[in-house]
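Just below is one structure, and these are the notes that go with it.
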Protein chains: 2
Amino acid sequence: MNLNERKLQILQAIISDFIRSAEPVGSRTLSRKYEMGISPATIRNEMADLEEMGFLTHPYTSAGRVPSTKAYRLYVDDLMERHELEEKEKTQIRNKLNAKILELDKTVEHAAKLLSELTNLTSFAVTPGKHEDFLKYVNIMPVDADTVVLVLVSESGKVSNTALKLKVPCRNEQLELLSKVMTYNYKGKKLSDILTMDIIRSFESDIAAMSKLAESIMPRFMITLENMLDTELYLDGLMNIFTIPEYNDIEKAKLFLEMVNQKRFTDVLVNRDNGVIITIGDENSEEIMRDCSLITATYKINGKLIGRLGVIGPTRMRYNHVTSVIEYMTQHLNEAFETGGKEDE
Amino acid sequence: MNLNERKLQILQAIISDFIRSAEPVGSRTLSRKYEMGISPATIRNEMADLEEMGFLTHPYTSAGRVPSTKAYRLYVDDLMERHELEEKEKTQIRNKLNAKILELDKTVEHAAKLLSELTNLTSFAVTPGKHEDFLKYVNIMPVDADTVVLVLVSESGKVSNTALKLKVPCRNEQLELLSKVMTYNYKGKKLSDILTMDIIRSFESDIAAMSKLAESIMPRFMITLENMLDTELYLDGLMNIFTIPEYNDIEKAKLFLEMVNQKRFTDVLVNRDNGVIITIGDENSEEIMRDCSLITATYKINGKLIGRLGVIGPTRMRYNHVTSVIEYMTQHLNEAFETGGKEDE
DNA sequence: GGTTAGCACTCACCTTAATAGAGTGCTAAC
DNA sequence: GTTAGCACTCTATTAAGGTGAGTGCTAACC
């Protein structure tokens with residue numbers, strides 16, 4: 001049995017209808033709503049075929065048909081028409097994301113918020129892991145007799161800092177010298193490399209002369225560096241789950257909210273392939289996500305560091321609209337982070 | 001009619017029972033469970049009196065009795081026995097909060113998390129508003145030919161920074177000079193005062209000489225300063241709502257979650273009185289919180305800056321336990337922030 | 001041979017009714 | 001003042017019947 005034109009047409013109609021209504025689609029409804037010149041009985045025959053082929057299921061004997069993962073996959077890959085965003089949506093994206101391009105993390109947070117507003121789904125955005133980022137600058141500034149602030153700046157413009165009290169008071173020149181030595185030693189090195197032992201050890205011997213000072217500072221230097229490496233996850237639109245019929249059940253809503261709050265969930269996001277990736281229902285590797293579809297895309301900072309952006313929702317989602325929104329947003333982010341990433345105003 | 005010993009005893013029993021079970025308490029149940037040597041009928045008479053006095057209600061004609069706000073108030077003020085925390089809970093609080101005392105914000109975040117774990121309610125913690133905080137140090141550090149990092153440090157140890165590109169390249173000495181001038185001008189000034197216009201204006205004229213550089217930096221200086229002033233709100237245990245019978249209804253759970261996510265909610269928290277404050281049900285000023293009780297307490301940093309910590313949950317909550325936990329935690333925070341606030345290890 | 005009308009059948013969902021259970025309020029007796 | 005007894009109230013649960021949307025099958029139709 002093969003998928004002829006008419007079967008595809010019926011399948012497409014069922015998917016569209018179900019995405020809109022969240023109700024199983026019956027043959028009668030279908031023939032009434034989409035005038036395709038064939039009777040319900042004929043549609044029923046075709047439906048039976050489509051079910052046998054694995055594209056449809058029905059929840060109980062005499063309910064309408066519901067698309068399967070396989071159907072959504074076919075739809076996403078072949079059937080789905082490209083959805084052109086409304087001008088209103090486009091300007092909204094441009095405006096909201098341009099306003100705050102000054103601060104990378106804020107921009108990413110805004111992106112997540114905007115994405116959930118435009119899709120009415122739960123969205124997330126992950127800042128790039130800094131493993132491909134390089135250290136640019138180390139400075140230890142005196143504040144008090146025994147208080148200093150340690151500031152690290154990376155190539156991509158991330159600034160990380162900490163205030164700490166010294167066990168031994170020290171002169172400003174010592175701090176300056178140490179800053180310079182550290183900058184000299186670490187500049188241009190990968191952040192993640194600096195965290196490995198041997199670099200540290202060799203350096204520690206270099207500065208044995210001022211070891212007391214360095215001893216105070218090194219542990220915190222490492223912690224601050226680690227903080228710099230962390231990705232940040234922004235979730236938004238969590239409450240949208242309550243407007244989705246699939247989650248009208250308290251138990252399901254609870255499970256969903258607990259899932260996206262798990263550390264596990266973050267890991268899944270970070271480990272996804274690049275580009276726009278759609279995983280549908282049981283295509284997801286994690287058991288707990290089998291009821292959901294996930295659409296993610298990547299954006300780049302200076303064409304290099306990679307962050308992610310996406311939505312999670314029921315398998316029944318407006319794939320074409322969501323995809324268009326995400327594509328437009330990541331494209332915009334890429335451009336924004338490329339040229340004017342750190343430009344002022 | 002007055003509250004004699006027996007009435008109080010009955011009221012206390014009803015409150016305790018209802019806090020535990022979340023079910024209206026009947027006369028029969030009461031006489032069976034708490035052997036107070038009187039028959040259900042007598043209890044019913046007393047109940048009728050208590051209801052007339054406004055301490056009890058019943059949801060429908062023949063349901064058991066439920067405590068009113070007035071009853072909880074009496075309970076909290078007079079009847080409630082002090083609850084001694086288990087040693088396990090105490091050590092948990094000490095350990096978890098000591099481990100991270102290095103970073104103020106992290107500690108506050110941990111406190112919120114711990115509080116929700118110990119109470120099984122939704123908790124929150126607010127970092128102090130910095131309006132009583134003073135600027136300690138300004139530094140503008142060169143990173144690149146045209147990139148600098150602006151770092152502000154406050155009296156309480158808060159560090160705020162931003163990276164920015166200069167429109168005009170400039171020499172290091174200029175930056176150093178500007179840092180020094182700014183530090184000299186602003187040191188010891190209240191953060192919020194610096195934001196007012198006249199200080200800025202007078203300063204701007206002072207440095208007319210290097211106006212180009214200052215022009216680049218001042219707007220961002222102000223933004224960074226503002227960021228420093230912000231309070232941070234940490235919410236935790238949101239999902240606990242799903243285990244509370246009162247919120248077993250999807251609509252109620254939704255309303256609750258939406259409420260605590262409102263900006264309005266933050267405002268309520270920030271504007272509460274100092275010390276341990278319990279507001280019960282309709283004692284709350286905000287309409288939307290009339291079904292909840294709120295317990296908050298304040299902690300101090302260096303005995304001065306004031307942050308807040310608390311829980312929100314159904315009026316039926318374990319007031320004595322929650323109060324003990326919050327008291328113990330704030331007391332611990334006060335001590336920790338007093339002496340070793342910024343001490344390293 | 002594909003298409004269609006007709007029909008029996010299925011199953012969720014809604015409404016209604018019946019029943020059980022917990023509790024109250026009142027009264028009369030202790 | 002206290003208590004036993006009893007009628008009454010209201011919720012919650014279960015069962016039963018009806019409705020409607022939908023299916024699958026068969027036989028007739030073009």
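Keep in mind that what you see is a predicted model, and the values were worked out from it rather than measured. Protein chains get the first letters and strands the later ones, always in sequence-line order, with residue 1 at the start of each.
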With a cut-off of less than 4.0 Å, is there a side-chain N or O of Ser39(B) near OP1 or OP2 of dT2(D)?
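For Ser39(B), the contact criterion (side-chain N or O under 4.0 Å from OP1 or OP2 of dT2(D)) is not met.
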
Atom NZ in Lys263(A), atom CG in Asp267(A): separation rounded to 0.5 Å?
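Answer rounded to 0.5 Å: 3.5 Å.
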
Would you call Glu327(A) and Arg82(A) a salt bridge, using N to O less than 4.0 angstrom?
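A salt bridge is present here (some side-chain N lies under 4.0 Å from a carboxylate O).
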
Tell me whether Glu283(B) is salt-bridged to Lys70(B), with the criterion being a basic N under 4.0 Å from an acidic carboxylate O.
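Not counted as a salt bridge, because no side-chain N and carboxylate O are separated by less than 4.0 Å.
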
Ring centres of Phe242(B) and Tyr247(B) under 6.0 Å apart?
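No, ring centres 6.0 Å or more apart.
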
Have a look at Thr279(A) and tell me which of Thr69(A), Thr315(A), Asn284(A) forms a side chain to side chain donor-acceptor pair (under 3.5 Å) with it.
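Of Thr69(A), Thr315(A), Asn284(A), side chain to side chain donor-acceptor pair (under 3.5 Å) with Thr279(A) is met by Asn284(A) alone.
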
Starting at [atom1] of [X] and ending at [atom2] of [N], how long is that distance when rounded to a whole Å?
X        : N      : atom1 : atom2 : answer
Asn4(A)  : dT3(C) : CG    : C1'   : 14 Å
Arg6(B)  : dT2(D) : CZ    : C1'   : 8 Å
Ile38(B) : dT3(D) : CD1   : P     : 7 Å

Could you pull out the closest heavy-atom pair between Met36(B) and Ile10(B), with the gap in Å?
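Nearest heavy atoms, Met36(B) then Ile10(B): SD-CG1, 3.9 Å.
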
Quick check: closest heavy atoms across Arg308(B) and Val270(B), and the distance to 0.1 Å?
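Smallest interatomic distance, heavy atoms only, reads NH1-O, 3.3 Å.
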
Using a cut-off of 4.0 Å between protein heavy atoms and nucleotide atoms, how would you tag nucleotides 11-27 of chain C 5' to 3' with B, S and -?
BS---------BBBB--

Map every base of DNA chain C to its dot-bracket character, where paired means a Watson-Crick or G-U wobble contact with both distances under 3.5 Å and | marks a partner outside the strand.
||||||||||||||||||||||||||||||

Taking the side chain as C-beta and beyond, is there a heavy-atom pair between Val311(B) and Leu115(B) under 4.5 Å?
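Counting from C-beta outward, Val311(B) and Leu115(B) do come under 4.5 Å.
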
